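The structure appears right after this line, and notes come after that.
Just so you know, these numbers come straight off a predicted model, no measurement behind them. Naming: A, B, ... by sequence-line order, numbering from 1 per chain.
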Amino acid sequence: MPSLSLSLSLPPPLNNTNNSEFRRAISTLHPAREPHDLLKSCIRSRNFALGKLLHRKFTESQLTLDSPLLNSLITLYSKSGQWQQALSIFQSMDPSMRDLVSWTAMISCFANHRMHRQSLSTFIQLLRATDFYPNEFSFTASLRSCSNAEFFSTGLAVFGFVLKTGYLDADVCVGCALIDMFVKGSDDLGSAFKVFEKISERNVVTWNLMITRLVQFSHTGDAIHLFFSMVESGFGPDRFTLSSVLSACAELELLAFGKQLHSWGVKSGMGLDVFFGSSLVDMYAKCGADGSVEDARKVFDRMPERNVVSWTAIIAAYVQGGLEQEAIGLFCEMIWGYVVPNCFTFASTLKACANLPEFGLGKQLHSQAIKLGVSAVNCVGNGLVNMYARSGRMECARKCFDILLEKNLILCDTAVDWNAKNLDPKDDIFNLETEGTGNGVNAFTYGSLLSAAACIGTISKGEQIHARVLKSGFGNNLCINNALISMYSKCGNEAAALRVFSDMKDRNVISWTSIISGFAKHGFATKALELFCEMLEAGVKPNGVTYIAVLSACSHVGLIDEAWKHFASMHRDHDIVPRMEHYACMVDLLGRSGLLSEAIEFINSMPFRADALIWRTFLGSCRIHHNSKFGEQAAKKVLELEPHDPAAYILLSNLYAAEGRWDDVAAIRKSMKLRKLTKEAGCSWIEVENQVHKFHVGDTSHPKAQKIYDKLDELTFKIKNLGYVPNTDSVLHDVEEELKEQFLFQHSEKIAVAFALISTRKPKPIRIFKNLRVCGDCHTAIKYISVVTGREIVVRDANRFHHIKDGKCSCNDYW
DNA sequence: GTAGGGTTAG
């Protein structure tokens, strides 16, 4: 692994060339030109150093500075990031010297520095000054300060003003500012689009702005439609248009269209501009077809100019393609080329490190991020937390998490890790969110929080986040609504998920896939398949993930013919090549139905070599149908492919245990011990009154343990009278039957049910979560418990949901 | 003299 030994330290600094540049710049200026024009050309060419030098010269020569000159100086300091200087010039001006331009330049300066309150109060002062009336420039500048949730209502007032004074028709820039106000201020793309339609004199910039915002707010399909209308209206797309539409292509995986745009751009002579080129790299990488990383690389290699974004795009491409070594190599190449990485670069490179067993590199990256001062930025912090958590360094992960600037983002799997290791309510990740000032809470934040809530299954947190989403005006956001569907599904409330889905104005393939996979996991296959038909009727094109949901819906209830129909159709009708996961669904379906020989035949007929997932799936079926001959074969295959997979050992040992082959069970345990493999401990949890209670096997640590076990005894007595017979097959110890029965009643899911019964009342359904699959005996017992208590019990296990009511389960005992 | 549009991550 040669690239692993590459040092990540930053290269030595470049020689300072500013002086010679400066001299060259000053020599090109014509000495006879007016000081005014000189200053203007400095601003236009962004040569701020020269502009500031001129300012000094003006002061030294005691030249009388008139309003136009002072206004330009305000602009100079505004654009060079020194608002204090701009303000002091403005304040030093005699009030009689301040004209509309001075006021507007100052409003704009505050807006540039995100000092929205100051910007708007200056605007109000301008309104109060009787001599002036705001013009299109003042409106644009002040509206820019209303493009955030805090000042959105002020923006509406300014909007009214604009309509009354007729500036919307008079000036395109005012229209652009209004579009951004609606998009950024209240996530209201509908109103933004209405403004867009109202602009009578649209130009390329207006079209670009609307298209870009649609892409950025994940209305990708709409963006592409708008792109076509733009072309139909006779506007030629420029590099701005193409880079935005290309990122839409990347998201929707429209490779063919992306290629068209590529040749369009080349033909129209824009070459491989940094923006256009970076977007192309990203597009080729994300359009999952084979060889796409190579295509991305080809574009990257041909780019005449590259910046940190282009480098990040190509690094991300390699990470996504699973080529972590190459990605890290490119990162090194980049920093040795004096390109300074940014947050996004770190996010991608850290992901590459997290996927590699070697740990030193990640640590080096961490120190680089600290040096560059970005370790507390969310996407970097998330990458660090994830990397440390994955390698089991929970303390380092926690430290990185603690310093995050906005403690509102957390990776889903990290949340689960924490959940599994520690469910201390003091460690509540959701409360941390409120510590921040609330700035920077965006759609992605809510999405992350919702998926964290979904992972843990904490519906009350999910509902709280939902309420905040509505309050903060994100109610129509597509991504958030998709996350809500998924959250409610994963928390076991399919009805609420459907409500969100039905109320959505816009739905994309992810919305449909989320709701379908929700119903599939809950075992409501008919509903899932109905929705799939509706989706096709609505003209939404399914993707590979949709088919995983459809096939697993069939698999969860054993609809073999239906599954074959869809499996054939996905390639034939929708051009989706089945992946390993799709084959795994079919193997699962055949295997669970007891068609083990057919499943083997199917595996052998696959166009590629079966991976561990396929064999593990098949091994699971062998266990259900007590077929140790096939089971041994399958376990061997899994261990060939993944020698350190504890799941295969466990499944095989379960299989032996069920047949009473205790010597074989012992042999497996021994070899697991030798390899230092441990079985993940089973645990169940339940949320009662906003608090999560977690139980392990035979857990007696809960304060109400005595009451819980009393309840368990009572339940055992009642359900035995109803005909429940303990199924001791799933007890993996070679002990007496009576003892086995005792072990059974210490299973975490039964303890959680008993706790739920003493802590909650009818008619609230009981929602239990388990990190592994629910055991067969617990499943039976809970069905009886639902009869004797009249309660509805929903169990989410590692694989699916069980809705148990009146002695019946939505899985039809088929899981 | 004052104003508007792009790419990369999660």
Within the stacking criterion (centroid distance below 5.5 Å, interplanar angle below 30°), does A:Phe240 stack on B:dG5?
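Answer is yes, a stack.
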Stacked pair A:Phe275-B:dG6, distance under 5.5 Å, angle under 30°
yes
Between [options], which nucleotide gets closest to the side-chain atoms of [X]?
X: A:Cys379; options: B:dA9, B:dA3, B:dT7; answer: B:dA9
X: A:Ser244; options: B:dT8, B:dT7, B:dG4; answer: B:dT7
X: A:Lys351; options: B:dG6, B:dA9, B:dG10; answer: B:dG10
X: A:Ala347; options: B:dT7, B:dT2, B:dA9; answer: B:dA9
X: A:Cys176; options: B:dG4, B:dT7, B:dT8; answer: B:dG4
X: A:Asn135; options: B:dA3, B:dG5, B:dT2; answer: B:dT2
X: A:Lys286; options: B:dG6, B:dA3, B:dA9; answer: B:dA9
X: A:Arg239; options: B:dG4, B:dG6, B:dA9; answer: B:dG6
X: A:Val309; options: B:dT8, B:dG6, B:dT2; answer: B:dT8
X: A:Ser278; options: B:dT7, B:dT2, B:dG4; answer: B:dT7

Rounded interatomic separation in angstrom, taking [atom1] from [X] and [atom2] from [N]:
X: A:Leu272; N: B:dG6; atom1: CG; atom2: C1'; value: 15 Å
X: A:Asn203; N: B:dA3; atom1: CG; atom2: C1'; value: 12 Å
X: A:Asp273; N: B:dT7; atom1: CG; atom2: P; value: 12 Å
X: A:Phe137; N: B:dT2; atom1: CZ; atom2: C1'; value: 6 Å
X: A:Asn382; N: B:dA9; atom1: CG; atom2: P; value: 14 Å
X: A:Phe276; N: B:dG5; atom1: CZ; atom2: P; value: 21 Å
X: A:Arg213; N: B:dT7; atom1: CZ; atom2: C1'; value: 13 Å
X: A:Met181; N: B:dA3; atom1: CE; atom2: P; value: 20 Å

Using only side-chain N and O atoms of A:Gln216, determine if any of them is under 4.0 Å from OP1 or OP2 of B:dG6.
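Checking A:Gln216 against B:dG6: at least one side-chain N or O falls below 4.0 Å of OP1 or OP2.
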All N/O donor-acceptor pairs, side-chain side in residues 264-271 of chain A, below 3.5 Å, sequence neighbours left out:
residue: A:Ser268; atom: OG; partner: A:Trp264; partner atom: O; Å: 2.9
residue: A:Ser268; atom: OG; partner: A:Gly265; partner atom: O; Å: 3.2

Determine the contact category for [X]: base if any of its heavy atoms lies under 4.0 Å from a base atom, sugar-phosphate if only primed atoms, P, OP1 or OP2 are that close, otherwise nothing.
X: A:Val380; result: nothing
X: A:Val172; result: base
X: A:Ala141; result: nothing
X: A:Asp180; result: nothing
X: A:Gln320; result: nothing

Residue pairs passing the salt bridge (Lys or Arg N to Asp or Glu O under 4.0 Å) test where at least one lies in residues 209-228 of chain A, sequence neighbours excluded:
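Qualifying pairs, neighbours excluded: A:Asp180-A:Arg213.
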Nearest heavy-atom pair of A:Thr75 and A:Ala105: which atoms, and what distance?
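In terms of heavy atoms, the two residues are closest at OG1-CB, 4.2 Å.
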Distance only, no hydrogens: is a donor on one side chain within 3.5 Å (strictly under) of an acceptor on the other, for [X] and [Y]?
X: A:Tyr388; Y: A:Arg398; answer: no
X: A:Asn482; Y: A:Asn477; answer: no
X: A:Ser67; Y: A:Asp99; answer: no
X: A:Ser45; Y: A:Asn47; answer: no

Taking atom types as they are modelled, would you say the side chain of A:Asp238 forms a donor-acceptor pair with the base of B:dG5 within the 3.5 Å cutoff?
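Indeed there is one.
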